[in-house]
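To keep things clear, I will list the structure first and then write my remarks on it.
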Amino acid sequence: SFDKHQAEEGTAEEVWRGIEAKIYKRDNSAKMRVLKMTRWLVAACVALFAGVWIVHSKFNAVKKELVVIQSGKELKKVVLPDSSEIFMNSFTTLKYYADNERECWLDGQAFFKVEHRVEIGDKVMPFTVHAGIETITVLGTSFTVKNVDSAARVVLVTGKVKASIGDKTVVMKPGEKTAWGMDGFY
């Protein structure tokens, strides 16, 4: 009977181990399902957040309206909202963004009569003209810019301007002229 008792005890122990294994397996299986579900939930939240951010960004983006003025065959006078005046020669194109008329791009020739420094709050807004590779920063003045065929020329009438190509800068006085091309100032 000892053998029978040991056999039953061995069987009971095996049965118990089997029950524990099933419980442990179920427990791990439940943990794995929770872990997988958590991962999917996190991924869905990230995707939802990214989608909301993209839609919000698109609808609230500041739309910059590009203003393009072409003179055609005639001379053309343009008065900017800050009262600066631009007299465009024929076949000249002037571009600027509606929210910042104090920065413009010129292709052709124009005479600029720029209002003195404009301040918005505590920020001073310089007047800047991009002519090819040249940038002219104006400090309240009148001047002519000619930008044709990768060469540009500035003739200062009144006031003061700063002409720059990359890190090279020239500060001009009334009556001075400067010219530049692909090789820099000359």
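Predicted, not measured: the structure shown is a model, and the values here were computed from it.
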**OP:** Starting at SG of Cys104, measure out to CD1 of Ile69 and round the result to the nearest 0.5 Å.
**Re:** 9.5 Å
Original post:
Is there a side-chain contact between Val154 and Met172 (heavy atoms, below 4.5 Å)?
Top reply: yes
Original post:
Which pair of non-hydrogen atoms, one from Gly159 and one from Pro174, has the smallest distance, and what is that distance?
Top reply: O-CD, 3.3 Å
Original post:
Excluding sequence neighbours, so at least two apart, what forms salt bridge (Lys or Arg N to Asp or Glu O under 4.0 Å) with Glu176?
Top reply: none
Subject >> Non-neighbouring partners of Ser84 that pass side-chain contact (heavy atoms from CB on, under 4.5 Å), sequence neighbours left out >> reply: Leu80, Asp82, Arg102, Val114, Glu115, Phe127
**OP:** Walk me through it: do Lys160 and Val171 pass the test side-chain contact (heavy atoms from CB on, under 4.5 Å)?
**Re:** CA-CA 7 Å; Lys160 187 161 95 172; Val171 177; 3.9 Å; yes
Subject >> Nonpolar side-chain network containing Leu75, other nodes, edges under 4.5 Å >> reply: none
**OP:** Hydrophobic side-chain clustering at under 4.5 Å (ILVMFWY, transitive links): who's grouped with Val157? Put none if nobody.
**Re:** Phe87, Phe111
Subject >> Contacts of type side-chain contact (heavy atoms from CB on, under 4.5 Å), residue Phe91, not counting sequence neighbours >> reply: Lys73
Original post:
With Thr92, which of Ile86, Asp107, Leu106 fulfils side chain to side chain contact (heavy atoms under 4.5 Å, CB included)?
Top reply: Leu106
Original post:
Would Val78 end up clustered with Phe112 when hydrophobic side chains under 4.5 Å apart are linked, directly or stepwise?
Top reply: yes
**OP:** Locate the shortest heavy-atom distance separating Met88 from Ser71; write the atom from each residue and the value.
**Re:** CE-N, 3.8 Å
Original post:
Could you give the distance from OG1 (Thr93) to CD (Gln70), rounded to the nearest 0.5 Å?
Top reply: 4.0 Å
Original post:
Asn89: what forms a side-chain hydrogen bond (donor to acceptor under 3.5 Å, both in side chains) with it, not counting sequence neighbours?
Top reply: Gln109
**OP:** Output every pair passing salt bridge (charged side-chain N to carboxylate O under 4.0 Å, His left out) with a member in residues 83-98, not counting sequence neighbours, ordered by first then second residue.
**Re:** Lys77-Glu85
Original post:
With sequence neighbours left out, what residues match Thr135 under side-chain contact (heavy atoms from CB on, under 4.5 Å)?
Top reply: Thr128, His130, Thr137
**OP:** If you link ILVMFWY side chains whenever their heavy atoms are less than 4.5 Å apart, which other residues fall into the same cluster as Trp105? By chain and number, please.
**Re:** Leu66, Val68, Tyr97
